[in-house]
Structures are given as C-alpha cells and as structure tokens.
Amino acid sequence: MKVLYTRDQIDQRISELAEEISRDYEGKDILAIGLLKGCTVFMSHLLVQIKGSVEIDFMTISSYKHGSRSENFKFIQDLDTEVAGRDVLIIEDIIDTGKTMAFTVKHLEARGAKSIEIATFVDKTERRSAETKKPKYIGFHYDEAPFIIGFGFDFGGRYRNLPEVYQMEEQDHKAAAKA
Ligand code: 5GP
C-alpha cells in the first residue's frame, strides 16, 4: 500500500475546508447530511471545526442491480429531519461515478431543500458517468481510478480506522483475497 494523503495533509486540508464552510454559511443554520458509512471519519473531523449552528443527520443508501445493466438505489436508512426550507450540506467520503450523489441530490431537491451543497473528502473523477451537481467543497481531487482505503474508506468493511489514506495496489488486492 502506498500513502496517498498523510495525516498532516488531511488535517491541514480539513481545516481549510471548515474555514471556507464557516465563512460561506455565516448566520445560516446548516443541516449536514452524512452518507453512511463512508462519511463518518471525514464528517466528524470537519464538523468540530465548523463555526456556527449545525444540525446533523444521516442517510444510508445502497445500490443494487436492476436486470443485467441498470443500477438502482434504495434507502437502508432515511433521515429523521425535515429537509424543506433548510440549507443542506451533504457530506460524502468520495464521489466516483457520481451515481450515488445524483440520486441523493435528486431526493433532497424533491423534499424541498432551500439550498444544497456538497462537501466530499475526495473527488475521484476518472470514472464519472452520472450527471450530478458539482461538489463545492473538495478535500482532494484525484483523477485516477485506483481504490483507496483508510481515514473512513473501507475495503470489504474493514480499514476505515487507518489514520492516513492509502492507495491499494495490485499486490494488496491479491493479499486481501488470500486472507
Ligand atoms: P459512486 O456512486 O460515486 O460511484 O460511488 C460512491 C461510493 O463508492 C462511495 O461512497 C464509496 O463508498 C465507494 N467508493 C468509490 N471509490 C472508492 C474507493 O476508492 N475506495 C473506497 N473505499 N470506496 C470507494
């Protein structure tokens, strides 16, 4: 595994994002919506540095194949909070194809959010295929496709606890498959 973002780089970047968000939302009441489970580590580090009023809620969305080609999404866990009239900040770990985000934004628009912006820890653009709202707050932009783990990113449900972000290489996939 190769370190992609060190802890210092991560902390520095999250502080910058928090400052930007605090400035942009001054005097507003943010509804921060995290997409579980990937959002957890990034969201907690970001939120404690945002100044002002923030309410939080979570959604869990899962994708499933519909027939042989098309992909659909369903809610495993929906929000408790009323979205209508709120300034919503979606917090996501990574946007890859953009399909999850396109579904999420459409859903929150339909519920009458006053404004919707996206904060994503990583914006991975190489495989983007869905048309979705552009994230306003991006931790790191990554224009390659390889899989990353650590600092909230999992591989088969594990490794979210690693303190830095790693890029998985060919031999790591083979080792994980054998384990
Ligand atoms: P999208 O719908 O944009 O293709 O997928 C977003 C979801 O795919 C993310 O929330 C994340 O769970 C997963 N994902 C995409 N790329 C990676 C990656 O490099 N590492 C990990 N751990 N998850 C990824």
Side-chain angles (χ1 to χ4, degrees), residues 1-7 9-10 13-14 17 31-47 56-79 88-110 116-179:
M1 282 190 305
K2 168 174 119 185
V3 175
L4 194 60
Y5 309 125
T6 65
R7 199 42 205 274
Q9 287 173 313
I10 293 170
R13 190 66 196 113
I14 291 181
L17 286 181
L31 174 58
I33 297 180
L35 305 189
L36 291 171
K37 300 175 187 169
C39 70
T40 49
V41 179
F42 170 54
M43 186 166 179
S44 52
H45 282 76
L46 180 71
L47 283 180
I56 66 172
D57 205 343
F58 298 95
M59 289 200 289
T60 311
I61 294 164
S62 151
S63 69
Y64 62 100
K65 287 271 180 232
H66 183 70
S68 60
R69 298 194 64 178
S70 66
E71 193 177 8
N72 278 345
F73 291 86
K74 65 178 177 188
F75 290 102
I76 306 289
Q77 182 195 323
D78 205 349
L79 301 167
V88 169
L89 180 62
I90 303 171
I91 302 190
E92 173 66 308
D93 56 350
I94 187 164
I95 306 177
D96 182 15
T97 63
K99 290 178 187 171
T100 309
M101 193 50 74
F103 174 82
T104 305
V105 169
K106 217 164 121 194
H107 175 75
L108 295 172
E109 279 172 353
I116 300 176
E117 296 296 351
I118 301 162
T120 186
F121 183 47
V122 177
D123 191 23
K124 186 164 94 170
T125 47
E126 191 180 88
R127 302 193 321 145
R128 188 69 37 88
S129 60
E131 265 196 34
T132 186
K133 188 178 174 68
K134 274 202 168 23
K136 183 165 184 187
Y137 308 102
I138 297 170
F140 297 97
H141 180 265
Y142 189 47
D143 56 10
E144 291 174 47
F147 203 72
I148 62 182
I149 61 166
F151 203 78
F153 296 106
D154 76 315
F155 178 66
R158 297 201 165 76
Y159 309 117
R160 294 192 200 273
N161 56 308
L162 297 178
E164 306 192 305
V165 175
Y166 299 87
Q167 179 178 322
M168 277 189 89
E169 294 170 298
E170 184 88 9
Q171 65 267 30
D172 303 319
H173 284 282
K174 285 186 188 144
K178 277 191 205 146

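Predicted model only: the values in this text are computed from it and were never measured. Order of appearance sets the numbers: ligands from 1, and atoms from 1 within every ligand.
When D93, T120, I14 are each tested for a side-chain contact (heavy atoms from CB on, under 4.5 Å) with F42, only one passes: I14.
A32 and L47 get closest at one heavy-atom pair: CB-CD2, 4.2 Å. The two residues T100 and E92 come nearest to each other via the heavy atoms CG2-OE2, 4.2 Å.
Between the side chain of E164 and the backbone N or O of R7, at least one donor-acceptor pair lies under 3.5 Å. Remark: side-chain polar atoms of R128 are paired, donor with acceptor, to backbone N or O of K124 under 3.5 angstrom. At distances below 3.5 Å, at least one donor-acceptor pair connects side-chain atoms of R13 with backbone N or O atoms of I138.
Nearest to atom 21 (C) of ligand 1 among the protein's heavy atoms is F147 CZ, 3.3 Å. At the shortest separation from atom 16 (N) of ligand 1 among protein heavy atoms lies K124 NZ, 3.3 Å. Here the protein heavy atom with the shortest distance to atom 14 (N) of ligand 1 is I94 CG2, 3.7 Å. From the protein, the heavy atom lying nearest to atom 1 (P) of ligand 1 is T97 OG1, 3.3 Å. Nearest protein neighbour of atom 12 (O) of ligand 1, counting heavy atoms only, is D93 OD2, 3.9 Å. The protein non-hydrogen atom at the shortest distance from atom 22 (N) of ligand 1 is D154 O, 2.7 Å. If you check which protein heavy atom lies closest to atom 5 (O) of ligand 1, you get T100 OG1, 3.7 Å.
Residue M101 places every heavy atom at 4.0 Å or more from ligand 1. Contact analysis puts I148 in contact with ligand 1, with a non-hydrogen atom separation below 4.0 angstrom.
Less than 4.0 angstrom separates atom 8 (O) of ligand 1 from none of the non-hydrogen atoms of the protein.
Inclusion of G98 in the set of residues having an N or O under 3.5 Å from an N or O of ligand 1 is warranted.
Interface atoms of ligand 1 facing E92, defined by a heavy-atom separation under 4.0 Å, are 10 (O).
The aromatic ring centroids of F73 and H107 lie 6.0 Å or more from each other.
Using the six-membered ring where Trp is involved, F140 and Y5 have ring planes that are parallel, under 30° apart on the 30 and 60° scheme.
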